[in-house]
Amino acid sequence: MGTTDNKPTPTEPTKLTKEQRLAQAREYAKQFKFDTLSEEDLIRLRRNAYKYAI
């Protein structure tokens, strides 16, 4: 009944430079497609929101 906790110790994460982290973030962001709204679309959305709020 003398069990010991043999938890593996986490390895030290490698320290990345600022440029490496930025490059990694850019690669990650390339996975996603973001649709941007034009100013007219934003105005239309805001007006519709006001209509429903009243």
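Side chains included, hydrogens not; waters and symmetry mates left out as well; all remaining heavy atoms used.
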Practice item. Would you name the heavy atoms of K15 and Q20 that are closest together and state the gap between them? Key: O-OE1, 4.4 Å
Point to revise | For L22, the option from K18, E19, R26 that meets side chain to side chain contact (heavy atoms under 4.5 Å, CB included) | key: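 Of the listed residues K18, E19, R26, the side chain to side chain contact (heavy atoms under 4.5 Å, CB included) partner of L22 is R26.
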**Study point:** Separation between CD1 of I43 and CD of E39, rounded to the nearest 0.5 Å
**Key:**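 Between I43 CD1 and E39 CD, I get 5.0 Å after rounding to 0.5 Å.
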Check your understanding: Can any side-chain N or O of E27 pair as donor or acceptor with the backbone N or O of Q24 at less than 3.5 Å?
Key ->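 Absent.
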